[in-house]
Amino acid sequence: QVQLVESGGGSVQAGGSLRLSCVASGRTFTYRMGWFRQTPGKAREFVAGISRSGGSTYYADSVKGRFTISRDGTKNTVYLQMNSLKPDDTAVYYCAADAYGSTWLPGGMDYWGKGTLVTVSS
């Protein structure tokens, strides 16, 4: 069992930056972790992922070069640094964890946080 709590969302102008944090509690922090986002009326989509060891990262084409995912095992925390934000990045961002899967689809993740809202204005 893993509990995930996101923070760091807020409102920012286009071109600005935000850093999201996801604190994990419960069992040992050895899961692959990902960030997903969802806009009302649309399906949840993958944003960024990081392997169990932290040695590999993965990004959606829409955010590659602008977002960076990282993890700090000593703090049981995963981060998403978001730079050069665009209005299209506006969404609720969710942290997710999975023990054994190898895909980055929402259905492949076992645990979810409740989300944090990011709003990017023009």
Side-chain angles (χ1 to χ4, degrees):
Q1 184 71 265
V2 175
Q3 295 80 46
L4 306 173
V5 180
E6 306 98 332
S7 63
S11 297
V12 65
Q13 293 187 19
S17 298
L18 286 173
R19 189 176 77 158
L20 306 183
S21 299
C22 173
V23 178
S25 62
R27 302 179 71 90
T28 56
F29 195 55
T30 58
Y31 300 87
R32 68 187 181 107
M33 306 291 295
W35 287 96
F36 297 74
R37 66 188 183 188
Q38 187 167 23
T39 301
K42 297 197 67 177
R44 192 168 299 183
E45 66 175 355
F46 170 74
V47 176
I50 189 166
S51 64
R52 296 168 181 83
S53 67
S56 299
T57 57
Y58 311 87
Y59 299 94
D61 289 342
S62 60
V63 306
K64 192 172 185 179
R66 300 188 297 120
F67 291 9
T68 303
I69 188 171
S70 61
R71 68 191 303 167
D72 184 345
T74 64
K75 299 180 180 179
N76 280 2
T77 302
V78 177
Y79 303 96
L80 184 67
Q81 178 66 47
M82 305 185 294
N83 298 327
S84 301
L85 283 162
K86 306 174 181 179
D88 286 348
D89 295 319
T90 296
V92 176
Y93 283 72
Y94 298 90
C95 178
D98 176 71
Y100 305 110
S102 59
T103 66
W104 294 105
L105 297 172
M109 309 303 291
D110 293 330
Y111 305 100
W112 293 88
K114 294 184 178 180
T116 185
L117 177 63
V118 172
T119 301
V120 184
S121 60
S122 300

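What you see is a predicted model, and the numbers here were worked out from it, not measured in a lab. All values below come from the heavy atoms of this structure, side chains included, with hydrogens, waters and symmetry mates left out.
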Report the relative orientation of the aromatic rings in Y93 and F67; use parallel for angles under 30°, tilted for 30 to 60°, perpendicular for over 60°. tilted

Compare all side-chain heavy atoms of W35 with those of C95 and state whether any distance is below 4.5 angstrom. yes

Spacing of Q81 atom CD and I69 atom CD1 [to the nearest 0.5 Å]: 12.0 Å

Hydrophobic cluster membership, with links at side-chain heavy-atom distances under 4.5 Å among I/L/V/M/F/W/Y: are V92 and V63 in one? no

Give every residue pair that meets the salt bridge (charged side-chain N to carboxylate O under 4.0 Å, His left out) criterion with at least one member in residues 91-100, sequence neighbours excluded. R32-D98

Nearest 0.5 angstrom please: R19 CZ to T68 OG1, how far? 11.5 Å

Taking all heavy atoms of A91 and all of L117, pick out the closest pair and write down the distance. O-CD1, 3.6 Å

So if you build clusters from Ile, Leu, Val, Met, Phe, Trp, Tyr with side-chain heavy-atom gaps below 4.5 Å, do F36 and L20 land together? no

Spell out, yes or no, whether Y94 and V78 are grouped together once hydrophobic residues are joined by side-chain heavy atoms under 4.5 Å, including indirect joins. no

Let me confirm one number: the CG-CE distance from L4 to M109, rounded to the nearest 0.5 Å. 9.0 Å

From CZ (R71) to OG (S53), nearest 0.5 Å: 8.0 Å

Please verify the inter-ring angle class for Y58 with W104; under 30° counts as parallel, over 60° as perpendicular, anything in between as tilted. tilted

Nearest 0.5 Å, what's the OG-CG distance between S11 and L18? 8.5 Å

With a 4.0 Å cut-off, would you call E6 and K114 a salt bridge? no

Shared hydrophobic cluster for Y111 and I50 (ILVMFWY, side-chain gaps under 4.5 Å): yes

When hydrophobic residues are tied together by side-chain contacts of less than 4.5 Å, even through go-betweens, does V118 share a cluster with M33? yes

Mark yes or no for whether R37, through its side chain, and E45, through its backbone, hold a donor-acceptor pair below 3.5 Å. no

I'd like to check T39 versus T90 (side-chain heavy atoms, cut-off strictly below 4.5 Å). Are they in contact? no

Approximate separation, where rounding is to 0.5 Å, of Y59 OH and F46 CZ: 9.0 Å

